[in-house]
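Let me begin by presenting the structure, written as structure tokens, before commenting on it.
All values reported here derive from a predicted model rather than from experimental measurement. Here is how names work: the chains are called A, B, and so on, in the same order as the sequence lines, proteins then strands, and each is numbered from 1. Note: hydrogens, waters and symmetry copies are ignored here, and every other heavy atom, side chains too, is used.
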2 protein chains.
Amino acid sequence: MPRTKKDVVTEFRTAEILQAACRVFAEQGFEQATMAEIARVAGVAKGTLYLYYPSKQDIYWAALGRSLLELAAATRSQVESAATAEQKVHAFIATKLRYFEEHRDFFRIYYSEVGRALCRHGQAARQFDDLYLEQVKVLDQVLQHAVRRKAIRPIRTDATAFALFDLTRSLVTQRLRGLSRASLDEDIEFAFDLAWKGIGHR
Amino acid sequence: MPRTKKDVVTEFRTAEILQAACRVFAEQGFEQATMAEIARVAGVAKGTLYLYYPSKQDIYWAALGRSLLELAAATRSQVESAATAEQKVHAFIATKLRYFEEHRDFFRIYYSEVGRALCRHGQAARQFDDLYLEQVKVLDQVLQHAVRRKAIRPIRTDATAFALFDLTRSLVTQRLRGLSRASLDEDIEFAFDLAWKGIGHR
DNA sequence: CATCACAATGACCAACGAGTCAGTATATCG
DNA sequence: CGATATACTGACTCGTTGGTCATTGTGATG
């Protein structure tokens, strides 16, 4: 247990900064957000931000990555512990919808980042893209396995995985925009029902 | 027929500028794109841009709006001229996939704009949002009608309309990212199949 | 060819914001 | 308490870029 005091302060400031960054980036988007505003919300001076992160980009990736990894881990865990393919698909959708419901700011940043992936191709964001594709792969493998077992009809599993991914995003977006008057559980069942009927046997 | 000469030149320059803007915005995104770069690609001086559009924002909306209206009109027309609900849903998906395939730069801008809709809420982009919701409504009404006729099972038509919308976007994205090795027609059939099975009777 | 109207230009300006750093406050310790 | 170290501050720098406008080019007209 080295420098406990220093570490505690660092951890505290880091969390404070990332939380503020999350709020500001979610509200303004990356380009419109300013370091001054993040500092204001975090309750520190602008210079302090640079004691903990070397640049605006780094704060952004840190804020995004933290939640992204958490969500990826939760999804993997829930999907793994589900028994059947049906339950795995359900778990995938439910986990994501629940997590985004609790982390709306994160979803805003995430969603806008996905939108930007088509511009600036080849540039940064490799980490982000990898995680994204890995998530799709989890679903892809569930589907492949299900097809082999004839639990679902033969189908292009990779394209379907993407589609289910986007179906989930679609529901979250509807909720965030206030376009869904249904409860979270109702939305989960709705999405799963649509998906399962779409890929199901008949 | 007034000032023909002037009108022709104006039309020519306008088209040239919008095309250049479309390319640059698609590549860089709104914030990263510079007026200097748009001017360079259009083959004019920066000042010339301001003879035809009052601001960067205006060029952006003009470039986006032009294609957006065209797509909306095409979709409406194709859906209307289809006979059954099944054919209407098919027409909706096919029209969009085909249009985006031919206007990839437009799709990039469109997609990134959708991503930004969750940030900056309440601000500009009202036109854009209206058109977006109107497109969903077209599909919603097709579904409502189909439910009444019992052509599909009873279902939350508004949420489903959104979901089909995003399913379509999902396929386009896969194509643009080079993740789909299928032909355009195959992707259309795939998307339609998935959708129709999902909402179908059994 | 001279004149004129206006389209086009690009050097310039002002605003803005990321990142810096000399100075200040605060904590630690002998 | 005084000395030293370190966390923090915010005024400043400096590159970038949207937008302007005095000047230049062009083509029509008499």
message = Can you work out whether A:G47 or A:F30 has the more 5'-proximal nearest nucleotide on DNA chain C?
response = A:F30
query = Separation of B:Y53 atom OH from D:dG18 atom P, in whole Å?
reply = 17 Å
ask   = What is the distance, rounded to the nearest whole Å, between atom CD of B:Q28 and atom P of D:dG18?
value = 11 Å
query = For A:E31 and C:dA18, what is the distance between atoms CD and C1' respectively, to the nearest whole Å?
reply = 13 Å
inquiry  = If you count heavy atoms of other groups shown closer than 6.0 angstrom to CZ of A:R175, is the number above 12?
reply    = yes
note = From CG of B:L49 across to C1' of C:dT9 the rounded distance in Å is 11 Å
message = Against the six-membered ring of A:F30, is A:K56 placed for a cation-pi contact (under 6.0 Å from the centre, within 45° of the normal)?
response = yes
inquiry  = I'd like to check the side chain to side chain donor-acceptor pair (under 3.5 Å) partners of A:S67; sequence neighbours left out, ordered by chain and number.
reply    = none
ask   = For D:dC8, does OP1 or OP2 lie under 4.0 Å from any side-chain N or O of A:Y52?
value = yes
ask   = Contact class for B:T48 vs. all strands (heavy atom < 4.0 Å): base, sugar-phosphate, or nothing?
value = base
task = Using a 4.0 Å heavy-atom cut-off across all strands, classify B:K46 as base, sugar-phosphate, or nothing.
result = base
query = Which whole-number value in Å describes the distance from B:M35 CE to D:dT16 P?
reply = 19 Å
request  = With A:K46 as the cation and A:Y50 as the aromatic partner, state whether NZ or CZ is under 6.0 Å from the six-membered ring centre and within 45° of the axis.
outcome  = no
key: Interatomic distance where OH belongs to A:Y50 and P belongs to D:dC12 [whole Å]   = 18 Å
Euclidean distance, atom CZ of residue B:F12 to atom P of C:dA7 [Å, nearest integer] = 16 Å
